[in-house]
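Contents: one structure, followed by commentary.
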Amino acid sequence: MLDHEYTTKDIFRKNFFKDWRKEMTAEEKATITDLKKCNFTEMSEYFKAQSEARKAMSKEEKQKIKEENERLLQKYGYCIMDNHKERIANFRIEPPGLFRGRGDHPKMGMLKRRIRPEDIIINCSKDSKCPEPPPGTKWKEVRHDNKVTWLVSWTENIQGSIKYIMLNPSSRIKGEKDWQKYETARRLKKFSIKFNAFCSSKEEGETADTVGCCSLRVEHINLYPENEGQEYVVEFDFLGKDSIRYYNKVPVEKRVFKNLQLFMENKEPDDDLFDRLNTSILNKHLQELMDGLTAKVFRTYNASITLQQQLKELTTADENIPAKILSYNRANRAVAILCNHQRAPPKTFEKSMQNLQAKIDAKKDQLSDAKRELKSAKADAKVRKDEKTKKAVENKRKAVQRIEEQLMKLEVQATDREENKQIALGTSKLNYLDPRISVAWCKKWGIPVEKIYNKTQREKFAWAIDMADEDYEF
DNA sequence: GTCTGAACTTAGCAATATGTGG
DNA sequence: CCACATATTGCTAAGTTCAGAC
C-alpha cells in the first residue's frame, strides 16, 4: 500500500503501527519503535516484481491460470438450493490486510486478521453433504437455518460485524427479492408524494462522520428566503454514504421552509436538525402510509420513474442505434445525478479525451479528402459518361457516407464520455432502475438488449428480460 | 420507547479481461 | 500482433431494515 494516499494519513499510520506492535515479539517491540524509521521498500519491490512477472507471462501460462481459476469456480462457486444449481457470489474468504475505511474513518490502517476454519459458521440443510473443513481443523459451527439465505458467516475483527457468503444476483432467491423491490416501488406511483430521503444513526468515533436524513445536523443546511430568483431555497452540504459529498440547492414549499427555520432556532451547528425524529418513528409513519413502504423505496421509485420519463423525452424515432444508446445513457445519467452517484474522474481521463479529439480531427481530414475525391469523380463522370466512372462515383459516395457515420460515432462517444466524467452510472443501473423499463425500451426501438446490459447484467436481470414486453409501464 | 445485532442491499475503487487501431 | 483504452468483474465497506431484548 506504500504508493497509496492512505499511508500519508496520520490515523492510518497510528492504527497500523499500534496493531503491528501487538504482533511483535518482545525483542522486535524493543527494536521497532518508530514507523517513520521503517523501510518497507524491499517488500514493496517484491510485490511489484510479482505483478510485472504476471503481466509478462506467456499466453500458455496465462491460459493455465485461467483454467485453474475456472476449476476453483466449478468446485467452490456453486451450491444446490431447492434442487437448483446456483452460483455463489463471494465464495473466496476475505484475505488479511490493512483495513481501508472510506472518508475520515477512525479505524483505517488497523490489522484485518486472517479468517480460519474455526471462525466459520456453515449454514446448509440437514440432509446435505456439509463441506469439510481443511484437514486438522474444525468449523466453528454447522447449522441448518432455512429462514436465512446465507451459506457461510464469520465475524470480522475491525467493527465486530458479521460477514456473509451469499448467492449471486442471478440466483432465484435474489432475483425474486429484486422483483419484489420494484413492485413495492411501483405501488408508490399512486401517491403524489415527493420525498427524497434516507436515514441512519451511528456510534461516534467508531465510523466516519456521515449523515442521512434523520441524522442531518444544523450545520448541514442553509436557508435562503430568496436565492437566484427562487423563493424558499434550502442549501444542503453534507457527507453521505461512503463520505461522498452531497451538495444541492432545493426550493421547497413555504411551510417546509418555515418549519426548518423553527427546527434550527436556538441550536448549535452540531445539534440534530430533526431532534424529535428517528429512523424508527419515520419508518413506522411510512408503514402506515403504505404497506411495505420504507425510506429506501423512495429512492427506487424516484430513480425508476425518472428513467422512464427521461427515456420518453429523449428518444426520437428517426435516430440510429448509436444515437438512441446515447439517449439511454443520458437518461441513466440523469438518474445517477439525482441519486448523487459519483466517481473519482479516471486517472487517465484528460489523456484519453485528448486522444479521442485527435481521432476526431483525423477523421474530419479524412472526410474532406473523401469529399474532394467524390467531387472530382463526379466531374470525371460528367465528361466520360461510361459505366466505369459511374461506378467510381457511387463508390466514392459510399466512402463519404461511411466516414460521416464513423465521425458521428466518435463525436457521440466524446460527448458521452465528457458528460460522464464524474458520474457513476453502474450503481443506479444495477440497484435502482427497474430493468423492465430498459427491456421494454429495447423492444420498442429494436435495440438488442446486449447494447444496454452486459453478460453479468443480463444474468441478474434474466427475470425482467423474460417478462417485460414493449408496453411495460413502471 | 430505545438499543443492539443479524441479515440483507447498495457503493465506489482497483484489478483484470477484452477489444481495437496502428 | 502488440500497446493502449475501455469494459467488466471482484472486492469489501457502508448503508437500511427489522426483530427482539431490555
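All values below were derived from every heavy atom in this structure, side-chain atoms included, with hydrogens, water molecules and symmetry-related copies excluded. Proteins come first, then strands; the chains are lettered A, B, ... in the order of their sequence lines, and each starts at number 1.
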Given side-chain hydrogen bond (donor to acceptor under 3.5 Å, both in side chains), test A:Gln74 with A:Glu70 step by step and report yes or no. CA-CA 6 Å; A:Gln74 290 307 324; A:Glu70 180 58 27; 2.7 Å; yes
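- In this structure, A:Asn278 reaches the B:dT2 phosphate: one of its side-chain N or O atoms is under 4.0 Å from OP1 or OP2.
- Looking at A:Glu183 and A:Arg436, a side-chain N of the basic residue comes within less than 4.0 Å of a carboxylate O on the acidic one, giving a salt bridge.
- A:Phe99 comes within contact range of the sugar-phosphate backbone alone, with a heavy-atom separation under 4.0 Å but no base atom that close.
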Derivation and outcome, salt bridge (Lys or Arg N to Asp or Glu O under 4.0 Å), residues A:Glu118 and A:Arg116: CA-CA 5 Å; A:Glu118 291 73 18; A:Arg116 307 203 164 276; 6.0 Å; no
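- For A:Ser44 (side chain) and A:Phe40 (main-chain N/O), no donor-acceptor pair under 3.5 Å exists by modelled atom type.
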Chi angles and distances behind the salt bridge (Lys or Arg N to Asp or Glu O under 4.0 Å) call for A:Asp19, A:Lys22: CA-CA 5 Å; A:Asp19 275 6; A:Lys22 285 187 212 156; 3.1 Å; yes
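- Residue A:Asn454 places no side-chain N or O under 4.0 Å from the OP1 or OP2 atom of C:dA7.
- Evaluation of the salt bridge (charged side-chain N to carboxylate O under 4.0 Å, His left out) test over residues 73-89 of chain A, restricted to residues two or more places apart or in two chains, returns A:Asp82-A:Arg172.
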Between the protein and nucleotides 19-22 of chain B, which nitrogen or oxygen pairs are less than 3.5 angstrom apart?
none

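- Nearest-nucleotide assignment on DNA chain C puts the 5′-proximal partner with A:Arg87, out of A:Gln287 and A:Arg87.
- Contact between the side-chain N/O atoms of A:Thr294 and the OP1/OP2 oxygens of C:dT16 is not found at any separation under 4.0 Å.
- Dashed line: the shortest gap from a side-chain N or O of A:Thr149 to OP1 or OP2 of B:dC8 is under 4.0 Å.
- Between A:Thr210 and the phosphate of C:dG15, there is a side-chain N or O to OP1/OP2 separation shorter than 4.0 Å.
- Cation-pi contact between A:Arg217 and A:Phe238: absent, since separation from the ring centre below 6.0 Å together with deviation from the ring axis within 45° is not met.
- Position along DNA chain C of the nearest nucleotide to A:Tyr453 versus A:Glu156 favours A:Tyr453 as the more 5'-ward residue.
- In this model, the phosphate group of B:dT9 is not approached by any side-chain N or O of A:Lys296 to a distance below 4.0 Å at OP1 or OP2.
- For residues 323-339 of chain A, the pairs satisfying side-chain hydrogen bond (donor to acceptor under 3.5 Å, both in side chains) are A:Tyr328-A:Ser438, A:Asn329-A:Asp416, A:Arg330-A:Glu419, A:Asn332-A:Ser428, A:Arg333-A:Asp416, A:Arg333-A:Glu419, A:Arg333-A:Asn420, with sequence neighbours left out.
- When distances are taken from the side chain of A:Ile162 to each of B:dT9, B:dA7, C:dT12, the shortest belongs to B:dA7.
- Heavy atoms of A:Ser153 sit nowhere under 4.0 angstrom from any nucleic acid atom.
- Here A:Lys107 lies out of heavy-atom contact (under 4.0 Å) with every strand.
- Listed by residue number, there are no residues of residues 70-84 of chain A with a heavy-atom contact under 4.0 Å to DNA chain B.
- Phosphate proximity of B:dA17 to A:Lys62: absent, as no side-chain N or O sits under 4.0 Å from OP1 or OP2.
- Distances from the side chain of A:Lys66 to the nucleotides B:dA7, B:dT18, B:dC8 place B:dT18 closest.
- Salt bridge status for A:Lys181 with A:Asp178: present, with a side-chain N to carboxylate O gap under 4.0 Å.
- Atom NZ of A:Lys138 sits in a sparse spot, with 12 or fewer heavy atoms from other residues, nucleotides or ligands closer than 6.0 Å.
- Among the heavy atoms of the strands lying under 4.0 Å from A:Pro95 are primed sugar atoms or P, OP1, OP2 only; no base atom is included.
- The salt bridge (charged side-chain N to carboxylate O under 4.0 Å, His left out) check on A:Lys421 picks up A:Glu350, with sequence neighbours excluded.
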For every nucleotide of nucleotides 11-16 of chain B, 5' to 3': is a protein heavy atom under 4.0 Å from its base (B), only from its sugar-phosphate (S), or from neither (-)? BSSS-S
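- For A:Glu373 and A:Lys396, the salt-bridge test passes: some basic side-chain N is under 4.0 Å from an acidic carboxylate O.
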